Participant: 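Sharing a structure, written as structure tokens. Questions coming.
Fair warning: this is a prediction, and the values are worked out from it, not measured in the lab. We name chains A, B, ... by the order of the sequence lines, and we start the count at 1 in each one.
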Amino acid sequence: MADIITTPHISGHADHHDVDYLHDGKGLKSWLTTVDHKRIGVMYLWSILFMFFLGGVFAMMIRLELLTPKETIMSAETYNKVFTLHGAIMVFLFIIPSVPAALANFVMPLMLGAKDVAFPKLNLFSWYIYMAGAFIAVAAMVTGGVDTGWTFYTPYSTTTDGSVALMTFAAFVLGFSSILTGVNFIATIHKLRAPGMGWFDMPLFCWGIYATALIQVLATPVLAITLLLLLMERSFGIGIFDPKLGGDPVLFQHFFWFYSHPAVYIMILPGMAIVSEIIPTFSQKTIFGYRAIAFSSVAIALVSFIVWGHHMFTSGQSQLASAIFSFITFFVAVPSAIKTFNWIVTMYKGSVAFNAPMLYALSFLLLFGIGGLTGIFLGAVSVDIHLHDTYFVVAHFHYVMMGSTVIAFLGGLHYWWPKMFGRMYSEPAARVACALVFIGFNATFLPQFVLGSRGMPRRYYNYLPEFQALHQASTVGSWILGLGFLIMAGYLFASLRKKMDAPANPWHSRTLEWQTSSPPITHNFHEIPAVGGGPYDYYRPVGNGRNA
Amino acid sequence: MDSLKHWMLGPQGSAYANDVDVLYMFLVWLSVFFFALIVFLTVYFAWKYRRRKEGVLTPNISHNLALELLWSIIPLIIVMGIFFWGFNDYVRASVPPNDAIEIHVTGKKWLWAFEYPDGTRTIGNLHVPVNRPVKLILTSEDVLHDFYIPSMRQKTDVIPGRFVDLTFTPTVAGRHQVFCAEYCGKSHSDMMANLFVDSPEVYEKWLIEGDPELQTMPPVEVGKMVYENKGCNSCHSIDGSKNTGPSFKGLYGRVEKFTDGTSITVDDNYIVESINNPQAKIVTGYEPVMPTFQGLLRIPEMRGIIAYIKELK
Ligand code: HEM
Ligand SMILES: [Cu+2]
């Protein structure tokens, strides 16, 4: 950030203040009782990465099973549990907390020039709730598993065997962690911006996280209520969703998507937020259309609450309802298009470097393009009737959740890794891994668009022989993808064993998190930064003689 | 072009399927255009403005209202057009014409059962005549299912405790695949059915003769199926107990007395007459309430019910 006006040192304990957060306190206990947002962010990071690994193992099992029709490596019952666990883990334990709870927890207070989040103890508490939810979910897996799909549709979910009650309880608990993080971030953004930092002087990342936090706080309670009703029906036989008990099974879908459609924006907005940082930094260029990007994030967040019925065009809902939901759905496409063009045009007349984070951001532009465009197919009612619940939908949401959010998350991970751990990773290895992930991802999911268009339904253990070639292409793609991730794990772990070598600002960024040491000291900044100027002022020399 | 369409979407079974495919292919080309635009601009800008020197300052281009309006309004107009196109087709396809054949469909773990207007029931095989609108009326006996006919580009969720419709007008004779598209447990992926679109002659013949497997099944089994499916069991017991009608147990060869004073030893002909013209002779002690089943039983079915009654000694 240009023009940091220094204010005098506020504290006398200079020695204590100079210790970086990783070395400020040793031993497990100092971590488990920390209220430092950076340490909590790191604990979240390892937790979600472990969950990503677990979900990934299940994904590889799914693809391997589908190499041939009928049994390849597991029975139908096992397969149904495996795809359920894959989805539930990836959504509730990995993607939803990934960017907000892990990365934003670490960098957002730094970006705002704050010492910590607004409620540090609440922050630690939400990590403990997350861990509790994770343990309950694992307990559900080992005590019978769950075979309902991550959507828990009734009346299947209220009548099948297995640990459905435990798994829904896990999702219920995880929801609270998500709500508390959201509340914390909203308060942090409102109250803890550095002196002189107006709303439109915030890095766009903070706008994205703000919009996300709004959805987390407003939508997650609906999921909690829905899951509670499901538990009541399953455990006490109170008829809410099961027609045999006088309930309405479609009601569950309304409840579920009323949360879960906004939840897909809990997943994508943070990804967009990361890309809005990486592209200006690696182009050394003012972001194009700051306000358009900021407002379109909030617009998407609000519109996302009134499109849930586009998941239900075949559910027997009225034609009028389908018309309204289809109509509004298309309005989500417009802010997405606006953002995409803004990011691309930011590079115009810039000075573009192709480091690993930027390669991820560029991959994001292409993959989000495909994800968004195929969303338009699904928004058109007549076409969706054909494509609903086929592999086309599977491919669509993997392009937006994996191809966009996860790719952006990986970009952010590579971008902030030097800041978080004070070490640079091997850049050539990172580029190779990024290329393998990009190629493997497309090889896995592009064939699925054709599979779905040709009528291959999703959640199928067995399939007709005519679908085999495309399924095999997809499975081979998943191996390339897996290889990319193995390499990534290799060089990231290797970097942690080196001496700390990262400069404070390796990418010459202007946002505040780069104006402190890598890794940052416990209190983030030696003196509270005061701000004059915007976060992307690459058109003028760095003020205050700081390194840019 | 057509071969690309066919490769991507598979066979078409109706005129409506082609309507869906036309919109789908329009969206494919639209996506190809915008995706190519994104790729081109991304690669072009990234390469043209690649970093040649460290530490340069770049121009401050913060926004451009005209450009931003352009790329908001053009997509908006395009997507509104797509909305109307998709919604129109959908409405047109979901209104069943008055002359549609109505067939009841029941989904249960993990099979599809069909019931025709004439009372015929089948499992796993649905027969319809070509070029006539069909209206399926569907319900489920257990959890959610979804009746999906890819070649008709049509599907609907099948919901316990509710009846939903699905309309299509097949124009292509032959076998079409039916899937269950809503996850329903262990054998979800095997919950398939065949849709046979028959020429009018073949359809008529099928209505009279029934499924080919009727010819090969043991007659007693066919009879048992008829007894259960056609509703004989609601009035005739098979354990000798008296119901609205006389029990089938021990019926064959029994001497029946009628209200007009005559009597007969029950044989094949008497059974056929009782089915086709039940009011001809009324057994004493019973009301003349049985409806006629004239035309509802095919020859193998008639043969089957006789064999079945013979079995019930
Ligand atoms: C241009 C933007 C988008 C449009 C128009 C759009 C449209 C749709 C529609 C209509 C469906 C329902 C399809 C069906 O079930 O038949 C759908 C499914 C889905 N979309 Fe999108 N979408 C968009 C972007 C996104 C984004 C950004 C995400 C998440 C990061 C996302 C995640 C999903 C998921 C998870 C599902 C399916 C979930 C399931 O059934 O398990 N979509 N989308
Ligand atoms: Cu949605």
Side-chain angles (χ1 to χ4, degrees), chain A residues 76-77 149 153 155-156 159-160 243 249-250 284-286 288-290 292 314-316 319 323 326-327 330 333-334 337-338 340-341 344 347-353 362 365-366 369-370 373 376-377 380-383 385-386 388-389 450 453-455 457 459-463 538-541, chain B residues 8-10 20 23-24 27 31 34-35 38-39 41-42 45-46 49-51 56-63 68 71-72 75-76 79-80 82-83 85-87 89-91 93-94 143-144 146 148 150 153-157 159-162 164 179 181-190:
Chain A
E77 282 108 327
Y153 271 18
Y156 187 80
T159 50
T160 181
V250 182
Q284 292 288 298
K285 178 89 190 313
T286 316
F288 186 87
Y290 179 101
T314 67
S315 71
Q319 288 187 355
S326 168
F327 186 74
F330 284 113
V334 176
I338 295 176
T340 303
F341 288 119
I344 295 176
M347 292 187 287
Y348 174 70
K349 296 206 165 163
S351 170
V352 182
L362 295 176
L365 291 179
L366 308 190
I370 297 183
L373 287 165
I376 294 181
F377 286 65
V381 189
S382 65
V383 177
I385 300 279
H386 177 54
H388 174 70
D389 269 341
V450 182
S453 305
R454 296 178 61 94
R459 296 176 172 171
Y460 261 33
Y461 166 71
N462 188 11
Y463 54 83
Y538 293 99
Y539 61 93
R540 51 178 187 169
Chain B
M8 291 196 74
L9 288 150
V20 174
L23 175 53
Y24 177 99
L27 293 172
S31 303
F34 276 104
F35 183 64
I38 293 173
V39 173
L41 291 176
T42 303
F45 285 160
Y49 301 109
R50 67 187 179 276
R51 190 168 301 171
V56 292
L57 295 178
T58 52
N60 180 25
I61 309 170
S62 67
H63 61 285
E68 292 183 80
W71 70 46
S72 313
L76 187 64
V79 293
M80 285 301 99
I82 298 168
F83 160 72
W85 189 345
F87 186 68
D89 279 353
Y90 159 72
V91 171
S94 40
V143 298
L144 295 177
D146 185 298
Y148 176 31
R153 313 289 185 255
Q154 274 286 40
K155 69 161 69 74
T156 181
D157 286 6
I159 303 160
R162 256 199 223 183
V164 293
F179 292 115
E182 182 63 61
Y183 174 69
C184 59
K186 178 165 169 262
S187 299
H188 168 53
S189 60
D190 296 321

Participant: Between B:Ala46 and chain A, which part of the residue has a heavy atom less than 4.5 Å away: side chain, backbone, both or neither?
Facilitator: both
Participant: Can you say whether B:Leu41 sits under 4.5 Å from chain A via the side chain, the backbone, both, or neither, judging by heavy atoms?
Facilitator: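 Contact with chain A involves both backbone and side-chain atoms of B:Leu41.
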Participant: Do you know which of B:Asp146, B:Ile61, B:Leu144, B:Asp89 has the most heavy-atom pairs with chain A at a distance under 4.5 angstrom?
Facilitator: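 Looking at each of B:Asp146, B:Ile61, B:Leu144, B:Asp89 in turn, B:Ile61 comes out on top.
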Participant: Tell me, side chain or backbone of A:Ser326 under 4.5 Å from chain B's heavy atoms, or both, or neither?
Facilitator: both
Participant: Does a side-chain heavy-atom distance below 4.5 Å link A:Tyr153 with B:Glu182?
Facilitator: yes
Participant: Looking only at the side chains, is there a donor atom on one of A:His388 and B:Tyr148 sitting less than 3.5 Å from an acceptor on the other?
Facilitator: no
Participant: Begin from the C-alpha positions of B:Leu23 and A:Ser382 and carry the test side chain to side chain contact (heavy atoms under 4.5 Å, CB included) through to its verdict.
Facilitator: CA-CA 9 Å; B:Leu23 175 53; A:Ser382 65; 3.6 Å; yes
Participant: Counting heavy-atom pairs under 4.5 Å with chain A, which one of B:Ser94, B:Gly185, B:Gly10 comes out on top?
Facilitator: B:Gly185
Participant: Can you tell me which of B:Phe87, B:Trp71, B:Trp85, B:Tyr90 forms the most heavy-atom pairs within a distance under 4.5 Å of chain A?
Facilitator: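 Highest number of heavy-atom pairs under 4.5 Å: B:Trp71.
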Participant: Does the side chain to side chain contact (heavy atoms under 4.5 Å, CB included) test come out yes or no for B:Phe179 and A:Tyr460, once each step is laid out?
Facilitator: CA-CA 10 Å; B:Phe179 292 115; A:Tyr460 261 33; 3.4 Å; yes
Participant: Side chain from CB out, backbone as N, CA, C, O: work out which of these in A:Pro249 comes under 4.5 Å of a heavy atom of chain B, or both, or neither.
Facilitator: side chain
Participant: Any side-chain heavy atom of A:Val352 within less than 4.5 Å of one from B:Phe45?
Facilitator: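 Side chain of A:Val352 against side chain of B:Phe45, heavy atoms only: no contact under 4.5 Å found.
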Participant: Can you tell me which of B:Glu68, B:His188, B:Arg51 forms the most heavy-atom pairs within a distance under 4.5 Å of chain A?
Facilitator: B:Arg51
Participant: Side chains of B:Leu9 and A:Arg454: closer than 4.5 Å at any heavy-atom pair?
Facilitator: no
Participant: Examine whether an atom of B:Gln154 lies under 4.5 Å from a heavy atom of chain A, and if so say whether it belongs to the side chain, the backbone or both; otherwise answer neither.
Facilitator: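 Answer is both: backbone and side chain atoms of B:Gln154 are under 4.5 Å from chain A.
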Participant: Go through A:Gly149, A:Ala380, A:Ser351, A:Ser315 and name the one with the most non-hydrogen pairs under 4.5 angstrom from chain B.
Facilitator: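 It is A:Ser351.
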Participant: Are A:Phe288 and B:His63 close enough that their ring centres sit under 6.0 Å apart?
Facilitator: no
Participant: Heavy-atom pairs under 4.5 Å with chain B are the metric here; pick the option from A:Leu366, A:Thr314, A:Thr286, A:Val250 that has the most.
Facilitator: A:Thr314
Participant: Among B:Val39, B:Asp190, B:Asn60, which has the most heavy-atom pairs under 4.5 Å with chain A?
Facilitator: B:Asn60
Participant: Quick one: of B:Ile38, B:Thr156, B:Val164, who has the most non-hydrogen atom pairs under 4.5 Å with chain A?
Facilitator: B:Ile38
Participant: Just so I understand: if I count every heavy-atom pair under 4.5 Å between each of A:Tyr538, A:Phe327, A:Tyr461 and chain B, which residue has the most?
Facilitator: A:Phe327
Participant: What part of A:Thr160 gets within 4.5 angstrom of chain B, counting heavy atoms only: side chain, backbone, both, or neither?
Facilitator: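 No part of it gets close to chain B.
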Participant: State, without any angle test, whether A:Ser453 and B:Tyr24 hold a side-chain donor-acceptor pair at a distance under 3.5 Å.
Facilitator: yes
Participant: Tell me, yes or no, whether the heavy-atom count around A:Tyr348 atom OH, taken from other residues, nucleotides or ligands under 6.0 Å, exceeds 12.
Facilitator: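 Open: at most 12 neighbouring heavy atoms sit under 6.0 Å from OH of A:Tyr348.
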Participant: Looking at side-chain heavy atoms only, is the closest gap between B:Val143 and B:Pro160 below 4.5 Å?
Facilitator: no
